[in-house]
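Notes to accompany the following structure.
By convention here, the first residue in the shown sequence is residue 1. All figures in this text were calculated on a predicted structure; none of them were measured in a lab.
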Amino acid sequence: MTTPVHGDKLLMRTYAPVRVRFVEGHGSRLVDAGGRVYLDFLSGIAVTSLGHCHPAVSRAVALQAGRLWHVSNLFGNELNGPLAARLDTLVGGGAPAGGRVFFANSGAEANECALKLARRYAGRGRHHVVSAFGSFHGRTLATLHATGQPDKHEPFQPLPEGFRHVAYGDLDALEAAADPTAVAAVLLEPIQGEAGVVVPPAGYLAAVRELCDERGILLMLDEVQTGLGRTGTWFAFEQAGLRPDVVTVAKALGNGMPIGACWARAEVADAFGPGDHGSTFGGQPLACAAALATLEELERIDAPARARERGEQLREGLEGIAALSEVRGRGLLLGAVLAADGAHARHAKAVAEAALDAGLVVNAPASDVIRLAPPLIVTEAEVDEAVAILGEVLG
Ligand code: PLP
């Protein structure tokens, strides 16, 4: 355990006691309070895709911090429009997609926007949203109910009404749940990150798109964890060959600056009028400056190609570790599954802790899964180093 500092005890106990306190980070490396250097293969949970303190983002933030931080959305600023245009073009695969964007401060808020938009678009009475068991969409009361994890719901009942859950990847179950007289939208992650990097069966998402089209139901994809290059394409939905009606992003958008966004087709977005939704901070200049610099740099380095290349190397390396039974995921969002008959079976948390002790930052989203989400700027040598550390920990 790390040495306590003044005030630690005053923090609400929503997280387990921490083992390490980081004080500095550059690229793929983090430094703890004792000066020890770690290799970061978690990136603040798929956030710092450009690595810690990327000079281009730090510079943009520093410049903006000396110019204008915040004005509220009662007034215009010069950065939220250009950022919306950049996102819209990414959603469109390089050409404008014809959507509109609402800026928020987190993934949960981006999804909260999507949920409210679905209700406004479909109209009163047709407000249900179908999401998947195992999913994670956030911690606000509505996104918590969209999150398909009943054990997380339990302490906070009653939750906002209007959510149905089906098995992820089960089209028949979705067909049965998606009653077009009651359901406004289907909300899915293209890969379930928090469930342990779960990839749906081939063809599932395309079939969901078809079902939604047939029934006039919105398809909303939560790309908060998968988006912006991490899975080897700008958005994971590209690999399914479809375009959703609504896409949410956050995590990597600001490379660590809190910012989220909800993109929607213009016809859907236009269901919102002034006063329907809002945010004090959403789209403020400082956060937008970070996001613009982040997207510019991700595009400049062709982040999706990096994720594919280094992801392949990481996957191959992990597949050589005997204690692992499977490596799943895409690009640089990988879940290493501990063999059920091995010495580490279902002890992913202990493995992640041992990796941390050995200088590698990863985490355990499920009892049998180690998640690896290194920055997309990770080098070939760093991938080899991480595989070697994990191989030793699991040896
Ligand atoms: N959606 C997905 C897919 C996520 O992985 C997360 C966070 O892990 C969220 C939403 C919530 O994002 P935030 O913690 O920024 O509210």
Near F22 CZ, under 6.0 Å, is it more than 12 heavy atoms from other residues, nucleotides or ligands? yes
Do T294 and L228 have side chains that approach each other closer than 4.5 Å (heavy atoms only, starting at C-beta)? no
Donor-acceptor check, side chain of S43 to backbone of A373, threshold 3.5 angstrom: yes or no? yes
Correct closest heavy-atom pair for A110 and C262 would be O-CB, 3.6 Å
Do E223 side-chain atoms and F237 backbone N/O form a donor-acceptor pair below 3.5 Å? yes
Considering the options E238, Q239, R330, which one meets the side chain to side chain donor-acceptor pair (under 3.5 Å) requirement together with T231? Q239
Do R310 and P374 have side chains that get closer than 4.5 Å, going by heavy atoms? no
Within a reach of under 6.0 Å around CZ of R164, are more than 12 heavy atoms found that belong to other residues, nucleotides or ligands? yes
Report the hydrophobic cluster partners of L10, with the cluster defined as I, L, V, M, F, W, Y residues connected by side-chain heavy atoms closer than 4.5 angstrom, directly or transitively. none
State, with a plain yes or no, whether a side-chain heavy atom of H137 is found less than 4.5 Å away from one of V224. no
So does E392 have more than 12 non-hydrogen atoms from other groups sitting under 6.0 Å from CD? no
I'd like to check L87 versus F103 (side-chain heavy atoms, cut-off strictly below 4.5 Å). Are they in contact? yes
Write down the atom of W263, the atom of V101, and the distance for their closest heavy-atom approach. CD1-CG2, 3.9 Å
Same apolar cluster (I L V M F W Y, side chains within < 4.5 Å links), I191/V91: no
Hey, are the side chains of F235 and L221 touching, using non-hydrogen atoms and a 4.5 Å cut-off? no
When you measure from the side chain of Q284 to the backbone N and O of C288, does any donor-acceptor pair fall under 3.5 Å? no
Return yes if a side-chain donor-acceptor contact under 3.5 Å exists between H277 and E112, otherwise no. no
Looking at R139 and A108, would you say the former's side chain and the latter's main chain have a donor-acceptor pair under 3.5 Å? no
Got a sec, which residues hit side chain to side chain contact (heavy atoms under 4.5 Å, CB included) with A65, two or more places apart in sequence or on another chain? W69, L286
Heavy-atom count check: over 12 atoms from other residues, nucleotides or ligands less than 6.0 Å from R67 CZ? no
For V393, which of I370, V362, V351 qualifies under side-chain contact (heavy atoms from CB on, under 4.5 Å)? V351
Same hydrophobic cluster for I321 and V369, using side-chain heavy-atom links shorter than 4.5 Å among ILVMFWY? no
Give a yes or no on whether a salt bridge exists between R300 and E297, defined as a side-chain N under 4.0 angstrom from a carboxylate O. yes
I'd like to check Q64 versus L79 (side-chain heavy atoms, cut-off strictly below 4.5 Å). Are they in contact? yes
Is there a path of hydrophobic side-chain contacts, each under 4.5 Å between heavy atoms of I, L, V, M, F, W or Y residues, that connects V129 with V247? no
Flag the pair E24 / H52 as yes when at least one side-chain heavy-atom distance between them is below 4.5 Å, and no otherwise. no
Minimal non-hydrogen separation, A252 against S49, with atom names: CB-OG, 3.6 Å
In the single-linkage hydrophobic clustering (I, L, V, M, F, W, Y; side-chain heavy atoms under 4.5 Å), do L242 and L218 co-cluster? no
Is it the case that one hydrophobic cluster holds both I45 and F41, taking links as side-chain heavy atoms less than 4.5 Å apart, direct or via other members? no
Could you tell me if the side chain of S28 sits less than 4.5 Å from the side chain of T379, heavy atoms only? no
Taking S135's backbone N and O only, do any of them form a donor-acceptor pair with Q149's side chain (distance below 3.5 Å, no angle check)? yes
E296 and R59 ion-paired at < 4.0 Å: no
Does NZ or CZ of R36 come closer than 6.0 Å to the centre of the six-membered ring of Y38, within 45° of the ring's axis? yes
Geometric class of the H145/F163 ring pair [parallel <30°, tilted 30-60°, perpendicular >60°]: tilted
Just to verify, what does H153 make a side chain to side chain donor-acceptor pair (under 3.5 Å) with, not counting sequence neighbours? none
Test: D245 and R209 ion pair at under 4.0 Å: yes
